[in-house]
Amino acid sequence: MSEETVPQEGGADARPKGLLQQMEELMAALNADLSALDADLQSAGSQERQAGTEGHAE
C-alpha cells in the first residue's frame, strides 16, 4: 500500500495535511536519508584509505 492511501492519524476530526507540509516532511526525511548515506560513504572511503596505506607499508 502506498503512502498516499494511508489514512491520516488523529481520527475523523484531524485535518488532512496540506501539500506544502507533506513536501516539507518528505524533504526532511530525504535529507536525513542522504546524510546517513553520506556518513556511510565517508566511513567506507576512510576504511579503504586506511587499508590501502597499511598494504603499502614496507
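From a predicted model like this one, the values you see are computed outputs, not experimental measurements.
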Set of side chain to side chain contact (heavy atoms under 4.5 Å, CB included) partners for Leu20, sequence neighbours left out: Glu24
Counterpart residues, side chain to side chain donor-acceptor pair (under 3.5 Å), relative to Glu25 (two or more places apart): Lys17, Gln21
Partner set under side chain to side chain contact (heavy atoms under 4.5 Å, CB included) for Ser35, not counting sequence neighbours: Asn31
Rounded distance [0.5 Å steps], OG in Ser43 versus CG in Asp38: 11.0 Å
